Amino acid sequence: MERKEFRELTPVKEARKLISRIIARPGIQTLTIENSAGRILAEDIFSPVDVPAFNRSVKDGYAIRAKDTYRASEPEPMELKMTASIPAGCADSFFVNDGETAEISTGAPIPEGADAVVMVEQTKQIDSTVFIYQPVYINENIMKAGSDIMKGERVLRKNTRIGSREIGVLASVGMKEVPVKELLVGIISTGNELIEPGNTLGKGLIFDANSYAIAASVEEAGGIPKIYGIIPDDWKLMEEALYRAIRECHIVLTSGSTSAGVGDIMYMIIEEKGETLTHGIAIKPGKPVVIGMIEGVPTIGLPGNPTSALSIFNEFVAPIIHNSLGTTPSFRTKVRAVMGTGIRSGGREELFPVGVVRGRAYPADKTSGAITTLSDADGIIEIKAETEYIEAGSPVEITMFGNVRSPDLMYVGGQCPGIDLLEETTGMVFRMLNMSSSAGFTAIAGATTDIAGVNMPADPDGEYNLPTARKMNLSGTLLVKGYKREMGLIFRQGTRISGLEDLAGLRFLNRNRGSGTRAVLEMELGLLAKEKGITRNELTKDIDGYNSGSKTHRSVCDAIKDGRADVGFGLRAAAREAGLGFLPVTEDEFDLLIREDVLDVPEIRLLLKTLTSEEFSKSLPPGMRTYERTGEMISSF
């Protein structure tokens, strides 16, 4: 099978013009209002009734003729005779004459003859006599029939997205059913490597994230997703699935099999069975997108990588859905910010994911294959092809994703339950990149984070973090002493192990290079090697898996629980949470690095106050503790 190369990519501007001309024709269905949330109105809605349908009281009080109160005052109240009591929902007829009044509840119909309601607080009743202490004007405290909505008035416009307010309006005018647009969007995931979530993950397989992420995106845009499942890289099976979706849906989306690699054949099917409008857009991520028409149905092949697929969906597919439904995208909120760090680009136009923290934008990009790129991002910035570099401090415009709360603080560093507890106790939201202590030091040095969590030992004397800060000359930075953590060997219950010397002969899972935990272990192994009169390299060469690298304490525990490793090195707190055995080896110090220029930010002050609080100290899990230096600030490196 001949492979296709991307020789001529469609410019982004031209691709957007192409998209603007693609419109699918949705159907119309009638739904009950309780099932209509999120759907798009198919026609204008006119009220069949007045709302309210009668003149009603908006206060508890007395229905009266306003002229009977004009001379009322505190010293000389007017006296009226009470002739009736009218509760809400009352259907009986009443009449109020000169010198008379009727007791009335909020929401009750105004009796004939009355033209105002005096609040009960401005009256006093003795037997059947009501004393009025304050004058009222005509129509005071009365909602007239049709004053909210008049019969025949348009209450909702066609193409309105139905939410809680719209459902309230529909119910208030007595509508039980409502006509809505039905834009069915078929979703097909392709690839021999895919399996559905919930199944056992075999070797070489990955869970299908795209079907569900794209379906949610379709719903957010107002369409109705129809998932067709996973189709292997087989021409006949793909063709059958595609034709079924085309017969049943107004738009068809596929993910995967759009590139130019072996097994990528979806673009060939679209090209053979229909018309290819473009194959490849000069944008990053998402170059290998194919847009075509088969039997009049827009058919879009999205890239297989999750971040690429969702980015292309937001930029090029969501507009087709909105154009087809006649709606305006709700997620295209744009905000201004400044770059918190420099970013390099160039080559072609780029949709660059960023997190936003207090008006500063930080890169959230990992790789196009990382689904967490978008979960860590608050929005995207569009970088033009001719832009090679955006300097820190440069103003940027960010297109925000929907339903996003921007984080209060940016955190980079080692993964630790104590940081999770600080976030929970402060009530703030942290943008957390749990990478390593080394990454934390680097991020602080580059001013790309507010705080960094570090536990980097420098020597066997046990001094933590300060020597590294001095070596890196971290001027403008404070080291805030944090808390201590018990560290040791983690293993399944029943494993025979009495110390570090027993690691030889067991399958060991180490932490990633650059992590403080790995550095702590190396320090301890260095001490053990010295006792034995050998080098650390001689000691570690017999440890199976010593050169491995897991990014978090929890991932080490998961590997041990699943039988992929016999032993690891990490926190007592993590071992206890996982129900694993633990053998203590040492205690480390987990500290915070904070940039001095954010020290007076309210969120930082709250963080530091919480760190030294009794609540935080008592909430730390077993194996972690505050101590006499917790909260101490060191500024001289």
Side-chain angles (χ1 to χ4, degrees), residues 1-4 6 19 22-27 29 182-202 204-219 221 223-280 286 288-306 308-310 312-313 316-318 320-321 324:
M1 186 177 294
E2 184 181 353
R3 291 173 60 178
K4 176 155 183 159
F6 294 104
I19 290 299
I22 300 176
I23 297 178
R25 303 298 176 189
Q29 66 177 150
E182 183 184 43
L183 186 73
L184 291 170
V185 181
I187 300 168
I188 301 171
S189 282
T190 68
N192 295 330
E193 74 280 12
L194 299 177
I195 63 168
E196 291 185 3
N199 293 326
T200 301
L201 190 64
L205 300 179
I206 60 174
F207 290 120
D208 173 25
N210 282 350
S211 288
Y212 304 96
I214 293 170
S217 297
V218 167
E219 285 190 334
I224 304 169
K226 185 176 177 62
I227 296 177
Y228 287 87
I230 300 166
I231 308 299
D233 291 323
D234 177 275
W235 183 290
K236 184 178 180 180
L237 294 176
M238 285 187 181
E239 190 177 66
E240 289 174 353
L242 195 58
Y243 265 103
R244 181 186 168 199
I246 286 169
R247 288 193 301 269
E248 298 175 349
C249 300
H250 302 99
I251 299 172
V252 175
L253 307 178
T254 71
S255 67
S257 198
T258 61
S259 191
V262 176
D264 291 331
I265 56 180
M266 182 59 75
Y267 72 88
M268 296 183 183
I269 297 175
I270 295 174
E271 198 167 83
E272 180 180 296
K273 304 299 180 183
E275 177 188 4
T276 299
L277 303 179
T278 184
H279 185 198
V289 60
V290 55
I291 301 173
M293 300 286 287
I294 301 179
E295 297 182 4
V297 177
T299 306
I300 298 100
L302 300 172
N305 286 332
S308 297
L310 290 177
I312 290 298
F313 179 94
F316 299 103
V317 179
I320 295 177
I321 295 176
S324 301

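Remember, predicted model here, so these are calculated numbers, not experimental data. Side-chain atoms are counted along with the backbone in the values below, which use heavy atoms only and exclude waters and symmetry mates.
- By the 4.5 Å heavy-atom criterion applied to side chains, Tyr228 and Leu242 are not counted as neighbours.
- One finds the CD1 atom of Ile187 at 7.5 Å from the CZ atom of Phe313 (value rounded to the nearest 0.5 Å).
- Residues forming a side-chain contact (heavy atoms from CB on, under 4.5 Å) with Pro26 (at least two apart in sequence, or on another chain): Lys181, Leu183, Leu325.
- Atom CD1 of residue Ile269 and atom CD of residue Glu240 lie 10.0 Å apart, to the nearest 0.5 angstrom.
- For Met238 against Asp233, the heavy-atom pair with the smallest separation is CE-OD1, 3.2 Å.
- The CD1 atom of Ile270 sits 10.0 Å away from atom CG of Leu277, with the distance rounded to the nearest 0.5 Å.
- Shown here are the side-chain contact (heavy atoms from CB on, under 4.5 Å) partners of Leu205, two or more places apart in sequence or in another chain: Ile195, Leu201.
- Taking every heavy atom of both residues into account, Leu310 and Ser217 meet most closely at CD2-OG, 3.7 Å.
- In this view, Arg244 and Glu248 satisfy the salt bridge (Lys or Arg N to Asp or Glu O under 4.0 Å) rule, not counting sequence neighbours.
- Partners of Gln29 by side-chain contact (heavy atoms from CB on, under 4.5 Å), not counting sequence neighbours, listed by chain and number: Leu31, Arg39, Val180, Glu182, Ile224.
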Original post:
Going through the checks in order, is the side-chain contact (heavy atoms from CB on, under 4.5 Å) test met by Val252 and Ile294?
Top reply: CA-CA 9 Å; Val252 175; Ile294 301 179; over 6 Å; no

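- Ser255 and Ile214 make their closest contact through CB-CD1, 4.2 Å (heavy atoms, listed as atom of the first residue, atom of the second, distance).
- Every residue meeting the salt bridge (Lys or Arg N to Asp or Glu O under 4.0 Å) condition with Glu239, not counting sequence neighbours, appears here in chain and number order: Lys273.
- Side chains of Val185 and Pro225 form no contact here, defined as non-hydrogen atoms less than 4.5 Å apart.
- You'll find the side chain of Val218 reaches within 4.5 Å of the side chain of Leu253, heavy atoms only.
- Minimum interatomic distance between Asn192 and Pro232 (heavy atoms only, all atoms of both residues): OD1-CB, 3.3 Å.
- Between the Asn305 side chain and the Ser308 main chain, no donor and acceptor come within less than 3.5 Å of each other.
- The shortest heavy-atom contact between Ile246 and Glu295 is CG2-OE1, 4.1 Å.
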Original post:
Step by step, would you call Ile227 with Tyr212 a side-chain contact (heavy atoms from CB on, under 4.5 Å)?
Top reply: CA-CA 8 Å; Ile227 296 177; Tyr212 304 96; 4.2 Å; yes

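- Rounded to the nearest 0.5 Å, atoms NZ (Lys226) and CD1 (Ile251) are 15.0 Å apart.
- The line from CD1 of Ile320 to CD1 of Ile19 is 3.5 Å long, rounded to the nearest 0.5 Å.
- Scanning for side-chain contact (heavy atoms from CB on, under 4.5 Å) contacts around Ile206 gives Glu193, Leu194, with sequence neighbours left out.
- Side-chain atoms of Arg25 and Ser324, non-hydrogen and from C-beta on, never get closer than 4.5 Å to each other.
- The residue from Leu302, Ile22, Thr299, Thr276 that alone fulfils the side-chain contact (heavy atoms from CB on, under 4.5 Å) condition with Ile291 is Ile22.
- Partners of Ser211 according to the side-chain hydrogen bond (donor to acceptor under 3.5 Å, both in side chains) rule, which considers only residues two or more places apart in sequence or in another chain, are Ser189, Asp208.
- Across Glu196 and Phe207, no two heavy atoms sit closer than the pair O-CD2, 3.7 Å.
- Of the possible donor and acceptor atoms, none in the side chain of His279 sits under 3.5 Å from a partner among the backbone N and O of Val290.
- By the side-chain hydrogen bond (donor to acceptor under 3.5 Å, both in side chains) test, Glu275 pairs with no residue at all, sequence neighbours left out.
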